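Remarks on the structure that follows.
All of these numbers come straight from a predicted model, not from anything done at the bench. Convention: sequence-line order gives letters A, B, ...; per-chain numbering from 1.
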Amino acid sequence: MSESPVAPRHVYLVDGSGFIFRAFHALPPLNRADGTPVNAVLGFSNMLYKLVGETDADHIAVIFDASRITFRNRLYDQYKAQRPEAPPELIPQFRIVREATEAFNIAQVEMVDYEADDLIATYARLARAAGAIVTIVSSDKDLMQLVGDGVAMYDPLKQRAIGPDEVREKFGVGPEQVVDVQALCGDSVDNVPGVPGIGVKTAAELINTYGDLETLLSRAPEIKQPKRRQSLIDFAEQARISRALVELKSDVEVPVPLADLGLRPSDPGKLLGFLQAQGFRQLASRVQTRHPGAVPTAAAPMAAPSEAAPSAASSSVAPVAIASDTPQPPAQVEKRYELVQTEADLDRWIARAEAEGVVAFDTETNSLDAVLAELVGISLAVAPGEACYIPVGHVGEAAAGELNLSGAERPPQIPLDTVLARLKPLLEAPAVLKVGHNAKYDIQIFRSYGIEVAPVDCTMLLANTLEAGAHGMGMDELALIYFDYETIKYKDVAGSGKSHKGFAAVPLEAARDYAAEDADITLRLHRLLKPRVGRERMATVYETIERPLMPVVAAMERAGIKVDRAELLRLSADFGERMVDYEKEIHVLAGGPFNIGSPKQLGEVLFEKLGLPGGKKGKNGAYGTDAGILEDLAQTHDLPRRVLDWRQLAKLKSTYADALVEQINPKTGRVHTSYSLAGAATGRLASTDPNLQNIPVRTEEGRKIRRAFVSEPGHVLMSADYSQIELRLAAHVAGIEALKQAFRNGDDIHAMTASQVFGVPVEGMDPMVRRRAKAINFGIIYGISGFGLAQQLSITPAEASEFIKAYFQRFPEIRNYMDETKAFCREHGYVKTIFGRKCHLPGIKDSNPARRAFSERAAINAPLQGAAADIIKRAMIRLPARLAAEGLKARMLLQVHDELVFEVPESETERTIPVLKEVMEGACAPVIELSVPLVVEVGQAHSWDEAH
DNA sequence: CGTTTCACG
DNA sequence: GACGTACGTGAAACGT
């Protein structure tokens, strides 16, 4: 292969060996059809694909290690000696990764006796000498010594560049001094000895003081600290050897000249053949999309690529087992989707549904807002592949976006009233199960037409009950995971963004294909998931919590809550005027105008223009400017305080005052949120459009917004909230005796904690001490960490760790709970609440310690947060019926995790309060008897703020 | 479309 | 000893 002698301008050097290890540990196990593990190959291939697609390089090579033994072992026989053998699953992948590089038609280089890093150093030098710039694709710290002067590094996994600043952040010195620092601090991974007792921090300090290693070693006797001085004298030679080990060799006689690394076009057929042979379907299809004509040329004599499961599915839930459970993968069943345009056809489908006893259904509407939405069509599925679409509100195509001047004709459809009249008996028939995906929405739609759909199953809730936390619960995602099937996307039929035309304007055939498929997939999901819920002992959670909650939440959404529009408008104007004042003041303080809302510009003003102390912190090189940082800076300068004031008003104005006015429903004059029942992994609800679970309450300015949430005339808003529910559950679940007793006594729990942990009497306690104890109690619920607590309390991590230690000593049961919960999660991949709800945490086995620790804290929190969610859900299910039975008209409007908000006639408030308390406090019975009491506090007023 | 910030429990 | 920090959410604004 002779390369045209083009002078290199940009050379990419990919650290192949480094990447294989990283990909292997970062990705979940994955096997191709013949059982060969290929997860690292997939990671590697994805990386190359992206790299080749994005790079402007004209020369590129992947560099590998040829063998474990290199010239460095002759310098120091212990070099990399204690490094464990590669895991057996990785070994076969070394070869395949080289095949992958070949398939991409990228040059690859390796050389006996040298590490990949030495070859990279050599090519980098050659490239610079030829006038090219160099990008080293790697995150290996051993390569950082090469950075600078036209050489940069790029971490393909984190997609970030590593330049001199990043190197300085890591080593505390510039790239040219990295070798000296490494010589001192050594490297336990590579078994580079360094000097005992010297870490990165100390090494950087020393090198910054003395300039380089040799100067330091020669002037070692001057060093003040006796221990350090002696180490440097005793281990000077070891430091020199270490330096020789870490310094890369840039004069290797490379086997391939730089000129031969020129970027070559790949052969799409060959690449496709390789990818398909590994079973990398996603990547193969992307290649195919880019090269439509490509035909895979046989690469390996292998069976058809089979279940190398899509990466989305390769979590803790054993996707292969699920897939093998699949009754009929859609691809193999003939699809018969029918357009229903006559009453006779409609009756035929209704009869089929009644005969089956189960029908999947889906509604198409002209709005995502269930309160405003009008029906455009209905789809039904009665058996896999057998589905129909009944259009009722489609308009002529031309009528959609523009004025219907030509009177574009409405396609033939059965009148809506007729369809509804015929469907009503079916949808309300107790003997016919109706199955929807996110059925709450469809229940709402039909309720607005006077149809009470029942009984109903929801495949989104079934999937969530089984696998919350493992993956998303949208239908498209589930179809891909369970059936390996790509659904038609809404935006493909109805457009999106500017070209969105609304479903009513979609031509009937396209609408049929999309809508009928939704019902079809829903039916198939139901056949798969419903039996699993029983088999896997999750029926109680689904049947007693999730399923009965659907109609209750649907009613709350429909009820909505009244907001005082005029008051919100006044607030918006007030906030706006005050913002203008602040803005002027800020610009004066800053010495010129800038966009206060831009963290980037603000950071530059604070830290560069004004030169305030603090500085960079983000991984993206951006300055941090959050409230904590500005609060600290406020001691030094007036500007940060003003920015904090401005930000508060900006937030209140845009997110609340203005947005809520926009959200007032023109039909009802109220605000209707939408609750997501399968959004949060822990079992909590989530509120969207608008989010009514984060209405301000903590500050006086913020509470003005809450004051605009009001009752109808003659009514009050009544707020009932569980006191300390998660801490009570922690006491119960972890069996913390002292905490349980305190709750039984009705003690001030934070004061009690403070008294126990800090050994001070509750009487006359310093509020500061109680505040600390409160933070620790919260920390317990969150899976406490020294760093987190330190940040919360503005103390040092060491002090925080002391507090935690004292807490564990006083309440030893909590430690057991934490350890057992983590162990359970590692074994099963999920944790459970006392009511049996599961929360999956795929990250619990992550090889990255930070991500794993994150999952461990989540594992500790989820059973507590989840049990609290179970309890309030149980109360919500019982309340409407209990209130009705007592002859009370209270309507449940909102849920905010541990609080329920009702609208109550003024004449009934006295009688309503005890009912709310009784049902909510008794919500665990009869399945669970808590060892601590639950306490509910009730308040009432004409606004939500005052009802607290 | 991802990041940053901030509102809530 | 590295990782990069308290748990769970959603919305708005900025800037690429």
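Across every strand in view, B:dC6 sits in a pair with C:dG10 that passes the Watson-Crick or G-U test at under 3.5 angstrom. The partner of C:dA2 is absent, by the rule that a Watson-Crick or G-U pair needs both atom distances under 3.5 Å.
When heavy atoms are screened at a 4.0 angstrom cut-off, A:Lys170 is found touching the sugar-phosphate backbone but no base atom. Using a 4.0 Å heavy-atom cutoff across all strands shown, A:Ala869 reaches no nucleic acid atom at all. Using a 4.0 Å heavy-atom distance criterion, A:Ser598 is classed as a sugar-phosphate-only contact. When heavy atoms are screened at a 4.0 angstrom cut-off, A:Ala681 is found touching the sugar-phosphate backbone but no base atom. When heavy atoms are screened at a 4.0 angstrom cut-off, A:Ala627 is found touching the sugar-phosphate backbone but no base atom. When heavy atoms are screened at a 4.0 angstrom cut-off, A:Ile784 is found touching base atoms of the nucleic acid. Residue contacts for A:Gly783: at a heavy-atom cut-off of 4.0 Å it reaches no nucleic acid atom on any strand shown. Residue A:Ile695 is classed as a sugar-phosphate contact, given heavy-atom separations below 4.0 Å to backbone atoms only. Residue contacts shown for A:Ala862 are absent, as no nucleic acid heavy atom lies under 4.0 Å away.
Atom C1' of B:dA7 sits at a distance of 30 Å from the matching atom of C:dC3, rounded to the whole Å. Distance noted for atom P between B:dT4 and C:dG4: 14 Å (whole Å). On the P atoms, C:dT5 is 13 Å away from B:dT5, given to the nearest whole Å.
In the set C:dT5, B:dA7, B:dG9, C:dT5 carries the atom at the smallest distance from any side-chain atom of A:Arg857. In this structure, of C:dA12, B:dG9, C:dC7, it is B:dG9 that holds the atom nearest to the side chain of A:Asp898. The A:Gln601 side chain lies nearest to C:dG15 when the options are C:dG15, B:dC8, C:dG8. Across C:dA6, C:dC7, C:dG10, the shortest atom-to-atom separation from the side chain of A:Thr688 is found for C:dG10. Which of C:dC7, C:dA11, C:dC14 sits closest to the side chain of A:Asp689 comes down to C:dA11. Picking from C:dA6, C:dG10, B:dG9 the nucleotide with the shortest atom distance to the side chain of A:Asn691 gives C:dG10. Distance from the side chain of A:Pro696 is smallest to B:dC8 among C:dA6, B:dC8, B:dT5. Side-chain atoms of A:Lys651 lie closest to B:dA7 of the nucleotides C:dA6, C:dC7, B:dA7. Out of C:dT5, B:dC6, C:dG8, the shortest distance to the side chain of A:Phe854 is found at C:dG8. Side-chain proximity of A:Ala686 to B:dG9, C:dG10, C:dG8: nearest is C:dG10.
Within the cation-pi definition used here (under 6.0 Å to the ring centroid, within 45° of the axis), A:Lys838 qualifies as a partner of A:Tyr830.
Atom CD of A:Glu700 is surrounded by more than 12 heavy atoms from other residues, nucleotides or ligands within 6.0 Å. Counting heavy-atom neighbours within 6.0 Å of A:Lys805 NZ, excluding the residue itself, gives a total of 12 or less.
Regarding A:Asn595, its CG atom lies at a distance of 9 Å from the C1' atom of C:dA13, rounded to whole Å. If you take CG of A:Asp846 and P of C:dG4, they are 11 Å apart, rounded to a whole angstrom. Between the CD atom of A:Glu701 and the C1' atom of B:dC6 there is a distance of 16 Å, rounded to whole Å. Counting to the nearest Å, the C1' atom of C:dA12 and the CG atom of A:Leu649 are 15 Å from each other. The separation between A:Asp645 atom CG and B:dC6 atom C1' is 15 Å, rounded to whole Å. When rounded to the nearest whole Å, the span between NZ of A:Lys873 and P of B:dG9 equals 19 Å. Remark: P of C:dT9 and CD of A:Gln865 are 7 Å apart, rounded to the nearest angstrom. The interatomic distance linking A:Tyr656 (OH) with C:dA11 (C1') rounds to 8 Å, in whole Å.
There is no side-chain donor-acceptor pair under 3.5 Å between A:Ser943 and A:Arg706. Of the N and O atoms on the side chains of A:His948 and A:Glu899, at least one donor lies less than 3.5 Å from an acceptor on the other residue. For A:Asn777 and A:Gln724, the side-chain atoms include no donor-acceptor pair closer than 3.5 Å.
Not a single donor-acceptor contact under 3.5 angstrom links the side-chain atoms of A:Arg851 to the base of C:dG4. For a distance-only test at 3.5 Å, the side chain of A:Arg852 fails to qualify as a donor-acceptor partner of the base of C:dG4. Counting atom types as modelled, A:Lys600 pairs no side-chain N or O with a base atom of C:dC14 as donor and acceptor under 3.5 Å.
Checked against the 6.0 Å centroid threshold, A:Phe811 and A:Tyr807 count as a close aromatic pair.
Between A:Ser687 and C:dG10 there is no side-chain polar atom (N or O) within less than 4.0 angstrom of OP1 or OP2. For the OP1/OP2 pair of B:dA7 and a distance below 4.0 Å, the side-chain nitrogens and oxygens of A:Arg698 include no atom meeting the criterion. Within the 4.0 Å cut-off from OP1 or OP2 of C:dA11, not a single side-chain nitrogen or oxygen of A:Ser654 is found.
Comparing A:Pro690 and A:Asn861, the nucleotide of DNA chain C nearest to each residue sits closer to the 5' end for A:Asn861.
Between A:His25 and A:Phe21, the ring planes are parallel. Angles under 30° get that label, and only those over 60° would be called perpendicular.
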